2 protein chains.
Amino acid sequence: MGMSTDTGPGTSRGSASGTRRPDEPATGLRETKKRETRQLISDHATRLFLQQGFEATTLAEIADAARVAKKTVTNYFPRKEDMALDHQDEFVAGLARTVSGREPGESPFAALRRAFLSAVAAQDPVAGFAGPEFIRMIVESPTLSACLRGLHDQREEALAAALAEATGASAGDITPRAAAALLGGVHRVLFQRIQELTLAGRANPEIAAVLEGEAVRAFDLLAPALADYS
Amino acid sequence: MGMSTDTGPGTSRGSASGTRRPDEPATGLRETKKRETRQLISDHATRLFLQQGFEATTLAEIADAARVAKKTVTNYFPRKEDMALDHQDEFVAGLARTVSGREPGESPFAALRRAFLSAVAAQDPVAGFAGPEFIRMIVESPTLSACLRGLHDQREEALAAALAEATGASAGDITPRAAAALLGGVHRVLFQRIQELTLAGRANPEIAAVLEGEAVRAFDLLAPALADYS
DNA sequence: GCTAAAATTACCTCCGACGTAATTTTCCCC
DNA sequence: GGGGAAAATTACGTCGGAGGTAATTTTAGC
């Protein structure tokens, strides 16, 4: 998950001749090497984390493995956690984007249910699918577990904003936030369930089969409350 | 919130003659001084946290203020956060206890709604009522915010266990966990709402009045899903 | 090429977390 | 009420992550 926000040390270009729009692909040599360095560090970090655990791996080890200075590591990744959890932005924005981009006439509830079921069918990492070692790395590290909780929280917050916009709720209305907590909560419980089954040694197709049924039950539980919410 | 679990360094008694049951009030001089030292540290820590912020306060400052060694501080409070968030156990166990101890014939949903409304009426700190400085201390500290998220998570987990026991759900059933996420989510959103209004400068009675209405709306939203769940 | 900006680097401090051994305080039993 | 055991407190040390600074190297644009 995540991290599309941070592109590394110093994203701005020279101020004298601003010929480049900030959202261009950035095809210069400097940007290329920046991406390479970032990927190099991330790869070595991930490998070490999976091999010997997140907490047991030090920044110095990562820097040595990637053959860069320790400071370069912390320049690209201000926090150690950012090297382990990738695609954070995608994860956080996912539910909100599902609501914002839903078919006309479709309720947020229906859109989110459909999105989760197809994510399960596709064994999408954003839904919780990952290798057992990766999940073990997270659950065995208090730091990473706390970070993941924070991501679930941000995701719910973004969903609340999308729901408020979709339903035209007034500023102080608590309903979008409550609805986001309910919908986000179901997604989170199912996410955790996928991780739990992965840790239990089940293979992804089997997990997808189990989750399909459990997801239907969980969303059915919530349906009487939110099916008509829009 | 919390911290009833950790009574300080070394709770066990002499092994030669175990004449005392471990759950006795512990009225000896040693236990008294232990409680006093613990309270002394906690008081100075809380004062410093509120004065200059959580992150800006160091363990050395706290130790100096309490006139004890730095190691004594970390003996009583393994993590810095534990000095700031009190009554953790009470907070975590609250919802589960409400379900376990509900009136016969009352649904978990009704019991939890009733409990929250009376907590609001009583301006209970466990529901989110606290001084603005205390709440500011939390929201301005990433460490404390993450810790509070973790407490909400533990609370939901305990609630899921209580719901599974109350409804006699089978071991692998996802329903209690989903229901706990929904009920815990509503409680959490309302908790955050109380904090938000407190930060906005509203007085507690005014907050209680606002929350009463919002809580009814939030629980009403959830009612069609869970009113009959038991 | 030359110049300015950005990236990388080698040090640095600070603080929380943790461990260990020595010292003092308290307790229990004789 | 004194002696020995246990526990609490203490001083001291290490380690790792976070963060800052100035110097050096690399790249981009003229």
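None of these values were measured; they are calculated from a predicted model. In what follows, chains are A, B, ... by sequence order, proteins preceding strands, each numbered from 1.
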**Item:** Donor-acceptor contact present, side-chain Lys70(A) to main-chain Glu61(A), <3.5 Å
**Value:** no
**Message:** Just the rounded figure in Å: distance from C1' of dT8(C) to CZ of Arg38(A).
**Reply:** 16 Å
**Item:** Side-chain N or O of Tyr76(B) closer than 4.0 Å to phosphate OP1/OP2 of dA8(D)
**Value:** no
**Message:** Testing the basics here: between Pro176(A) and Ala160(A), what is the closest heavy-atom pair and its distance to 0.1 Å?
**Reply:** CB-O, 3.8 Å
**Item:** Glu165(A) atom CD, over 12 foreign heavy atoms within 6.0 Å
**Value:** no
**Rounded interatomic separation in angstrom, taking CG from Leu40(B) and C1' from dA8(D)** = 15 Å
**Complete:** Rounded to whole Å, CD of Glu31(A) lies from P of dA28(D) at a distance of 7 Å
**Request:** Give the B/S/- string for nucleotides 15-20 of chain C, one per nucleotide from 5' to 3', where a protein heavy atom under 4.0 Å of the base yields B, of only the sugar-phosphate yields S, and otherwise -.
**Result:** SSS-BB
**Complete:** For Gln154(B), the side-chain hydrogen bond (donor to acceptor under 3.5 Å, both in side chains) test, sequence neighbours excluded, returns none
**Distance, rounded to the nearest Å, where Glu36(B) contributes CD and dT25(C) contributes C1'** = 14 Å
**Message:** Taking only side-chain N and O atoms of Lys33(A), does any of them lie within less than 4.0 angstrom of OP1 or OP2 on dT27(D)?
**Reply:** yes
**Request:** Find the distance Arg35(B):CZ to dT26(C):C1' and express it as a whole number of Å.
**Result:** 15 Å
**Complete:** From CD1 of Ile62(A) across to C1' of dG17(D) the rounded distance in Å is 11 Å
**Contact list for residues 136-153 of chain B, test side-chain hydrogen bond (donor to acceptor under 3.5 Å, both in side chains), sequence neighbours left out** = Glu55(B)-Ser141(B), Glu55(B)-Thr143(B), His152(B)-Arg155(B)
**d(CG, Asn75(A); P, dA18(D)) in whole Å** = 13 Å
**Asked** Run the ring pair (Phe, Tyr, Trp, His ring centres under 6.0 Å) check on Phe191(A) and Phe91(A) step by step: do they pass?
**Response** CA-CA 12 Å; Phe191(A) 180 98; Phe91(A) 178 81; 5.7 Å; yes
